[in-house]
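Report on the structure given below.
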Number of protein chains: 2
Amino acid sequence: MTRPVTAPPLSVSDDVIAPALRRLSALSSLEAADLALLHAAMEVSQTHPPRHNFLTLGRPIAAPLLLLQGWAARVRILPDGRRQFMSFYLPGDVIGATHQAMPIASATVIAMTETIVCPAPAAPAGSGLAQAYAVAEALDEAYLLGHVVQLGRLNAQERISDFLLEIYERLSLAGLTVGGSFEMPLTQEMLADALGLTPVHVNRMIQQARRDGELMWKSGRVLLRDPERTARTIGRQSPQVTTQRVGASG
Amino acid sequence: MTRPVTAPPLSVSDDVIAPALRRLSALSSLEAADLALLHAAMEVSQTHPPRHNFLTLGRPIAAPLLLLQGWAARVRILPDGRRQFMSFYLPGDVIGATHQAMPIASATVIAMTETIVCPAPAAPAGSGLAQAYAVAEALDEAYLLGHVVQLGRLNAQERISDFLLEIYERLSLAGLTVGGSFEMPLTQEMLADALGLTPVHVNRMIQQARRDGELMWKSGRVLLRDPERTARTIGRQSPQVTTQRVGASG
DNA sequence: CGTCCTATTGAAGCTTCTCAACGACAGTGG
DNA sequence: CCACTGTCGTTGAGAAGCTTCAATAGGACG
């Protein structure tokens, strides 16, 4: 899996940083200066184990982080132990975006897998990177709205399909899909806590989807047989990614 | 209800603008200049009937509006007619906040009641008003996260209590509660579409809450008997309003 | 007084949950 | 090398929560 690192010695290999770079580039065209900022930031990347807390509800917000590898999630635990994942961060996502107005975190952010993060470099006003951050933040909100609809008005089968389609769509932007398949590091229990279901019911619905020939799911890898047909069936509408430049650009 | 308007002739009465002013002041202390901006903006307020579309999913975002009176909501309609309200806007809330990065609306915003809105005046950087907007936007996200938890992990009874507590809390900031009671213009059907339930079940749960002495609800007005006890029972945690000034303030 | 919308109630059914048990698998220590 | 342990996926049976369909009642309005 490791490839000889060329040119300047990086603290992380090219393989690690590539997905995040692809993802950010997909949101807005990055300039040479942006790439330089990103490469510099990635020099000080850090690895965190699963369950590591990046942010804690009610605690001060740390500097924003750029997720390079692995998954993280916003989570809320109720006093009686019920758990709800509110959104997931995938490679290329920014954790703890610059909500300067709200100095305390509105949610706990936890690593779902082993993760590699680096500081999210401050973007010069009007730069492609600033635009990428802004679009990323807007997309974040759009997916959150989608999650509300999913929980409120989709049944178990539809929620699973919708979730997998969303992940597929987002991982595609980072180039992390291979022939329509992608890595799914979540256990069925985590999935249940994201979809507002029980692990048992998630399991049954997955198996039904398997029997229906809708998907394959084995050892942490998912293959959607016909994403477009599935999306049409459940009436899924993806957030529109807009790369149109707006505001005071250089 | 109408009181003689004093001093400069306004297009709306003081009664109309007071709640929004109270609400914004509660988020950040407004300066004289901010108040002048707001008063000027309110000169051109407009009244819209129920069902009026302020924003339409996928259409360009119009100038941000300040909601003075009435309720609005972000809504998504599925192809088969299922409907989900994702969040509500109450007096003092900003509709279509300045997501410059995403020039197209990520949701449709519709008037739930007759509403009065005015343009949201642009806030000078570092002003109290800018801070109020920013906090409002952060709160908006916090409530949205709360909605996800509500839909994912609360049962019908808890969802209704949680929803009413949230509305009570938010209306309090605008001074729109009287002795623990407040106006609830939503029909049970609308409530069902916000809580991911059917109108019939919402009705049953409300009546159970009535029998349990938890609330009174008659002719569009709700009285919560013991909000704090209810909040404790369902483990509700309110977003923290932070008025702490951050960033480049004048 | 008729119409429409909203609230209310009953009965039956379906989706999802709960409880419980078992199998597959990886890691660990003897 | 093999029990031991823990996690995760799988399955069954019964119960609970919520929905669906249908019908009635109450109010607002023309």
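Distance CE (B:Met112) to P (C:dT6): 11 Å, rounded to an integer number of Å. Whole-Å rounding puts the B:Arg221 CZ to C:dA7 P distance at 17 Å. We find that CD of B:Gln208 is positioned 10 Å from P of D:dC18, with the value rounded to whole Å. Atoms CG (B:Leu151) and P (D:dC18) sit 12 Å apart, rounded to a whole Å. One interatomic measurement links the two molecules: CD1 of B:Ile160 to P of D:dG17, which rounds to 14 Å at whole-angstrom precision. The CD-P distance, from A:Gln157 to C:dT15, rounds to 11 Å in whole Å. At whole-Å resolution of the value, CG in B:Leu154 and P in C:dC17 are 14 Å apart. As rounded to whole Å, 9 Å separates atom P of C:dT15 from atom CE of A:Met205.
In this structure, the side chains of B:Met112 and B:Tyr89 stay at 4.5 Å or more apart for every pair of heavy atoms. A heavy-atom distance below 4.5 Å is found between the side chains of B:Leu66 and B:Leu24.
Within 6.0 Å of CZ in B:Arg221 there are more than 12 heavy atoms belonging to other residues, nucleotides or ligands. Counting non-hydrogen atoms of neighbouring residues, nucleotides and ligands closer than 6.0 angstrom, the CD atom of A:Glu183 reaches no more than 12 such neighbours.
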Kindly give the atom pairs (protein nitrogen or oxygen, nucleotide nitrogen or oxygen) under 3.5 Å for nucleotides 7-9 of chain D.
| unit_1 | atom_1 | unit_2 | atom_2 | d |
| --- | --- | --- | --- | --- |
| D:dG9 | OP2 | A:Gln188 | N | 2.9 |

With the criterion being N/O to N/O and under 3.5 Å, what pairs connect the protein with nucleotides 19-22 of chain D, and how long is each?
| unit_1 | atom_1 | unit_2 | atom_2 | d |
| --- | --- | --- | --- | --- |
| D:dT19 | OP1 | B:Thr198 | N | 3.4 |
| D:dT19 | OP2 | B:Thr198 | N | 3.1 |
| D:dT19 | OP2 | B:Thr198 | OG1 | 2.9 |
| D:dT20 | O4 | B:Arg204 | NH2 | 3.2 |

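B:Leu65 is linked by a side chain to side chain contact (heavy atoms under 4.5 Å, CB included) to B:Phe54, B:Ile95, B:Val117, counting only residues two or more places apart in sequence or in another chain. Looking at residues two or more places apart in sequence or on another chain, you find a side chain to side chain contact (heavy atoms under 4.5 Å, CB included) between A:Arg82 and A:Leu78, A:Asp80, B:Arg153, B:Leu154, B:Glu158. Every side chain to side chain contact (heavy atoms under 4.5 Å, CB included) that B:Val75 has, sequence neighbours left out, goes to B:Ile77, B:Arg83, B:Phe85, B:Thr108, B:Ile110.
Among residues at least two apart or in separate chains, there is no salt bridge (Lys or Arg N to Asp or Glu O under 4.0 Å) pair with a member in residues 209-218 of chain A.
The aromatic rings of A:Phe182 and A:Tyr168 are tilted relative to each other, their planes meeting at an angle between 30° and 60°.
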